[in-house]
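To start, the structure under review is shown below, and the notes come after it.
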Amino acid sequence: MVREQYTTITEGTHIERPENQAVYKIGIYGWRKRCLYLFVLLLLVILLVNFALTIWILRVMWFSPVGMGHLHVTADGLRLEGESEFLFPLYVKEIRSRADSSLLLQSTQNVTMNARNAEGEVTGRLKVGPQMVEVQSQQFQIHSKDGKPLFTADEEKVMIGTDKLRVTGPEGALFEHSVETPLIRPDPLQDLRLESPTRSLSMDAPKGVHIQAPEGKVEALTQMDIVLQSSDGTLMLDAETVFLPELALGSQGPAGSSQRLYEVCACPNGKLYLSVAGVGTTCHEHSHLCL
């Protein structure tokens with residue numbers, strides 16, 4: 001740079017300047033100038049390449065003012081068209097399909113949906129695997145379209161809210177413990193069968209057990225005893241004909257005296273037997289059958 005000196009003089013005074021003053025050039029010259037131009041050219045090339053890559057990415061990813069590709073941003077949230085694959089967990093408040101199509105969640109292993117509380121603990125889980133559907137929750141409910149509970153299960157009980165429970169399996173329904181119900185009825189034109197293959201079958205009710213077959217018969221088969229017991233009431237067999245073919249029969253009286261008429265006798269232990277009818281009771285004659 002040129003160094004200049006300023007001197008204050010009065011008017012009319014003549015000052016001679018020195019002849020040999022040093023002159024310096026301002027600017028960048030030589031190899032520094034060439035390096036600067038090369039650096040600026042390199043920056044320009046990088047800028048053009050970045051701009052071209054940005055345009056290419058926008059083109060490939062289908063960026064638009066409403067979203068990216070099949071993902072559109074709407075006032076209600078995000079709308080995704082077509083099939084999509086998520087490699088990591090997805091956190092959303094609501095997943096809803098289009099009105100004219102169903103919602104499909106598909107995985108090569110299993111599909112798991114978790115519900116967490118404010119502390120991040122899992123409070124509910126639905127896991128759909130290749131062999132089993134598993135639900136972990138304090139209570140599991142299935143409702144109808146009008147909000148009526150159809151099935152409810154928790155740690156204490158299982159409740160079925162439908163008007164009719166129908167079991168269509170050929171082996172019927174298997175209950176390992178007691179069953180409480182006001183009515184058991186088969187399908188029309190089908191027989192109702194209550195069976196206990198290895199143990200006993202017991203039917204209890206505080207106000208009575210009503211067994212009715214309007215168009216058929218009632219049959220009870222057992223290997224041991226059939227006990228009909230009423231703690232406070234009467235045991236009534238109300239029918240046009242009561243048929244007891246296997247009752248023990250007392251000894252016959254004189255020929256033609258019975259006219260094939262018998263009376264039913266009861267032992268103190270409840271055993272029944274037949275005795276030939278007479279003018280008076282003949283049960284005492286055959287009381288040895290009670291032993």
Side-chain angles (χ1 to χ4, degrees), residues 67-74 76-205 221 223:
M68 179 183 67
H70 296 296
L71 185 64
H72 297 167
V73 180
T74 62
D76 298 331
L78 298 179
R79 179 177 178 180
L80 191 60
E81 300 286 347
E83 298 182 1
S84 299
E85 181 179 355
F86 297 94
L87 302 179
F88 297 98
L90 176 64
Y91 300 92
V92 294
K93 183 179 180 181
E94 180 182 356
I95 300 178
R96 183 174 55 186
S97 65
R98 294 176 53 180
D100 56 348
S101 62
S102 59
L103 178 62
L104 176 62
L105 302 179
Q106 184 174 351
S107 174
T108 56
Q109 297 296 326
N110 58 65
V111 177
T112 303
M113 291 180 286
N114 296 332
R116 301 178 182 271
N117 55 15
E119 288 76 18
E121 300 176 352
V122 177
T123 58
R125 174 176 295 172
L126 173 62
K127 182 179 180 180
V128 181
Q131 298 179 353
M132 182 178 62
V133 177
E134 180 181 354
V135 178
Q136 286 183 307
S137 179
Q138 296 181 355
Q139 190 178 66
F140 178 73
Q141 292 184 351
I142 299 177
H143 295 266
S144 62
K145 61 180 181 180
D146 55 353
K148 180 181 178 181
L150 301 179
F151 181 84
T152 303
D154 54 24
E155 295 181 357
E156 298 180 356
K157 63 182 182 300
V158 175
M159 182 181 66
I160 299 176
T162 57
D163 298 334
K164 180 186 296 185
L165 174 62
R166 182 176 180 181
V167 181
T168 59
E171 299 296 330
L174 176 62
F175 300 95
E176 296 183 358
H177 301 285
S178 61
V179 178
E180 182 178 350
T181 176
L183 176 63
I184 300 177
R185 182 175 59 188
D187 288 338
L189 304 179
Q190 297 291 332
D191 295 334
L192 175 62
R193 184 175 181 181
L194 303 179
E195 181 181 357
S196 178
T198 58
R199 302 296 295 275
S200 61
L201 177 62
S202 176
M203 292 185 290
D204 300 327
L221 300 176
Q223 186 177 0

Exercise. Does CD in Q139 sit with more than 12 non-hydrogen atoms of other residues, nucleotides or ligands closer than 6.0 Å?
Worked result: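 Yes, the 6.0 Å shell around CD holds more than 12 heavy atoms from other groups.
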Exercise. If you count the non-hydrogen atoms of other residues, nucleotides and ligands that lie under 6.0 Å from CG in N117, is the total more than 12?
Worked result: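 Yes.
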For this session: Could you pull out all residues at least two apart from D154 that satisfy side-chain hydrogen bond (donor to acceptor under 3.5 Å, both in side chains)?
Result: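 For D154, no residue satisfies side-chain hydrogen bond (donor to acceptor under 3.5 Å, both in side chains) once neighbours in sequence are set aside.
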Exercise. Residues two or more places apart in sequence or in another chain: which of them pass side-chain hydrogen bond (donor to acceptor under 3.5 Å, both in side chains) with H143?
Worked result: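 For H143, the residues satisfying side-chain hydrogen bond (donor to acceptor under 3.5 Å, both in side chains) (neighbours in sequence not counted) are Q141.
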Quick one: pull up [atom1] in [X] and [atom2] in [Y] and give me the separation to the nearest 0.5 Å.
{"X": "E134", "Y": "N110", "atom1": "CD", "atom2": "CG", "value": "10.0 Å"}
{"X": "K148", "Y": "I142", "atom1": "NZ", "atom2": "CD1", "value": "14.0 Å"}
{"X": "L221", "Y": "E195", "atom1": "CG", "atom2": "CD", "value": "10.0 Å"}

Exercise. For L78 and V73, what are the C-alpha separation, side-chain angles and deciding distance, and is it a side-chain contact (heavy atoms from CB on, under 4.5 Å)?
Worked result: CA-CA 5 Å; L78 298 179; V73 180; 3.7 Å; yes
Taking side chain as C-beta onward, heavy atoms only, is [X] less than 4.5 Å from [Y]?
{"X": "L126", "Y": "V135", "result": "yes"}
{"X": "V158", "Y": "F151", "result": "yes"}
{"X": "Q136", "Y": "V122", "result": "no"}

Exercise. Going through the distances and angles, do N114 and T112 end up as a side chain to side chain donor-acceptor pair (under 3.5 Å)?
Worked result: CA-CA 7 Å; N114 296 332; T112 303; 5.9 Å; no
For this session: Look at the side chain of S97 and the backbone N and O of S101, then say whether any donor-acceptor pair between them is shorter than 3.5 Å.
Result: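 Checked: pair present.
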For this session: Please list, chain by chain and in numerical order, all residues satisfying salt bridge (charged side-chain N to carboxylate O under 4.0 Å, His left out) with E119, sequence neighbours excluded.
Result: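 Salt bridge (charged side-chain N to carboxylate O under 4.0 Å, His left out) check on E119 returns nothing, list empty.
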